[in-house]
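For reference, the structure discussed in these notes is given below.
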Amino acid sequence: MSKGMHLSFDFSLVLESNLKSGDGMSSAAMKAGIRRARTAAKVTEARHTAGQVGFPDLPFKLEEAKAIGRMAAALRKKYSHMLVLGIGGSALGTKAIIEGIGAGARKGMAVHVADNVDPDFFFPLLRSLPMEKTVVVAISKSGTTAETNSQLALAMDALKKVNPKGWRDQLVLITDPKTGVFRKLATDDGIAALSVPPNVGGRFSVLTPVGLLPLAAAGFSIDRLLDGAAWMEAMFRGVPGDDNPVIKAAAVYAHYMVENPKSVQLWFTYGQGLDRVAEWWQQLWGESLGKKRPGGVSVGQTPARAVGVTDQHSQVQLFQDGPADKVYTFVKWMEGREKGKVPKATFSPDMAMLGNRPLRDLFEAEFQGTIGALWDAGRPIVRLEVGERDERHLGAFLHFWMWVTAIVGDILGVDAFDQPGVEKGKKISRALMGEKGTEAVRTAFDRKSAKRMRDEIHLEERESGNDDSE
Ligand code: PA5
């Protein structure tokens with residue numbers, strides 16, 4: 001079990017006694033919220049016991065992690081680069097951990113996560129890689145994601161060019177253990193394949209081979225990642241309601257979705273790499289909770305992000321004086337890495353207080369100052385601080401958010417683990433590309449968009465200097 005963990009969860013600035021704006025929670029609301037969260041958590045707990053929800057088990061799959069570690073070590077001996085193909089839950093967790101901790105902080109393969117099919121992004125990336133020294137890891141739980149399929153086809157072509165006979169050895173597929181085209185490809189072509197547990201959905205899958213293989217290849221300690229998540233699982237199971245950060249966070253965020261609805265939760269991140277963690281959370285929060293309840297009522301909260309200090313100079317004005325439609329989550333590394341000082345400068349006497357002090361003092365002051373300004377404006381604020389930029393802390397932090405999301409889903413009365421809207425979008429895209437048997441989807445979409453086209457304005461300047469033909 002993990003030692004030396006330090007995470008801080010501060011809910012004091014959602015309390016009305018501290019906010020005094022009418023937008024805070026009374027102590028009675030907090031107590032009731034905690035009771036409700038405790039009761040609601042039983043829904044996910046029961047689904048976990050029944051084997052329908054698998055993410056709580058992931059921190060304890062140590063044998064599987066060892067095997068993945070061995071596979072990554074073997075790949076590292078042979079290849080210098082790994083190209084990860086995948087999107088959404090098949091990509092964002094890996095990016096969050098690599099950039100959260102910092103790719104340069106560990107020694108391993110150069111891992112590139114390609115989570116976009118924009119040709120202006122993907123082709124240059126593919127051309128930049130030394131394919132003979134690159135292993136391609138294609139990740140799709142369903143195997144039906146058009147983006148990942150097209151990337152895989154392109155990457156396979158590139159591999160075949162440099163290694164016509166042995167290209168299969170340079171490929172790993174991560175997919176559902178039974179269904180899906182990737183599984184068939186693995187079986188038919190004898191390509192190495194790892195499984196995503198059927199009871200773990202994309203955005204909850206960073207601690208499965210989806211995240212573990214690329215992270216181990218990049219030199220990150222997947223043991224410590226799992227250890228941190230196990231620590232959080234134990235906290236959640238063992239600590240009583242009032243002091244349980246998961247339950248308390250679920251109580252607070254549910255309050256700002258049910259009793260005092262805020263349409264936006266904004267993460268203001270202070271610390272290198274945390275914006276990628278925010279991106280992972282955005283998918284988790286948005287896709288898990290933005291749903292229609294049985295009966296058709298829509299629920300959810302738009303997850304938004306801002307980067308400190310950069311966005312202080314672009315968005316804080318709005319946050320302070322604009323609509324009171326947000327709950328704010330400030331997320332920060334407790335201590336950063338760099339200790340450098342600002343030299344004493346004579347060119348700016350008014351700024352003399354900066355001289356000979358760590359630049360971090362200014363960063364801290366900006367963090368405190370922004371919170372102070374929003375507090376002064378009566379905005380509800382949660383403050384979360386993560387002790388270290390390492391695997392244990394991020395493992396714990398991500399696991400914390402998975403539980404909070406699941407419980408808020410239980411409170412809202414939606415299934416946090418499905419994504420019917422995403423599936424619908426995927427279906428339309430595939431139909432537009434001409435997938436067999438989807439004529440009806442295509443026709444319905446064409447009819448709707450034909451109507452929309454009539455409202456479009458196109459601005460176009462013709463290049464010809466001679467307009468006589470008109
Ligand atoms: O969380 C989810 O389930 C989705 O965001 C998926 O991760 C995403 O759509 C990619 O799906 P797949 O892994 O099946 O290609």
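Numbering of ligands and ligand atoms starts at 1, following listing order. All figures in this text were calculated on a predicted structure; none of them were measured in a lab. Both backbone and side-chain heavy atoms feed into the values below; hydrogens, waters and symmetry mates do not.
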| remark: Within 4.0 Å of some non-hydrogen atom of K141, the atoms of ligand 1 are 12 (P), 13 (O), 14 (O)
| query | When you check the gap from the basic side-chain N to the acidic O, do E279 and R276 get nearer than 4.0 Å? | reply | yes
| task | Among all protein heavy atoms, pick the one closest to atom 14 (O) of ligand 1 and tell me residue, atom and distance. | result | S142 OG, 2.6 Å
| request: Within a distance under 4.0 Å of any heavy atom of R203, pick out the atoms of ligand 1 and give their elements. | output: 1 (O), 2 (C), 3 (O)
| request: Return the residue, atom name and 0.1 Å-rounded distance of the protein heavy atom closest to atom 10 (C) of ligand 1. | output: I87 O, 3.3 Å
| task | Using a strict 4.0 Å cut-off to heavy atoms of S140, name the atoms of ligand 1 that fall inside it. | result | 12 (P), 13 (O), 14 (O), 15 (O)
| task | List the steps, then state whether side-chain contact (heavy atoms from CB on, under 4.5 Å) holds for Q272 with R389. | result | CA-CA 9 Å; Q272 190 64 16; R389 286 180 72 185; 3.7 Å; yes
| field | Partners meeting side chain to side chain donor-acceptor pair (under 3.5 Å) with D157 (sequence neighbours left out) | value | none
| field | Closest protein heavy atom to atom 4 (C) of ligand 1, given as residue, atom name and distance to 0.1 Å | value | E287 OE2, 3.1 Å
| query | Short list, please: which atoms of ligand 1 are under 4.0 Å from a heavy atom of T145? | reply | 11 (O), 12 (P), 14 (O), 15 (O)
| Measuring from the heavy atoms of Q283, does anything fall under 4.0 Å of ligand 1? | yes
| Please state which protein non-hydrogen atom is closest to atom 11 (O) of ligand 1 and give its distance, to 0.1 Å? | K426 NZ, 3.1 Å
| message | Using heavy-atom distances only, which candidate in G143, A91, G89, G286 approaches atom 6 (C) of ligand 1 most closely? | response | G89
| field | Heavy-atom donor-acceptor pair, E385 side chain to D10 backbone, under 3.5 Å | value | no
| query | side-chain hydrogen bond (donor to acceptor under 3.5 Å, both in side chains): which pairs involve residues 178-188, sequence neighbours left out? | reply | D176-T179, R183-S195, K184-D188
| Plane angle bin for F330 and F268 - parallel if under 30°, tilted between 30 and 60°, otherwise perpendicular | parallel
| What orientation do H81 and H112 show, parallel under 30°, tilted 30 to 60°, or perpendicular over 60°? | parallel
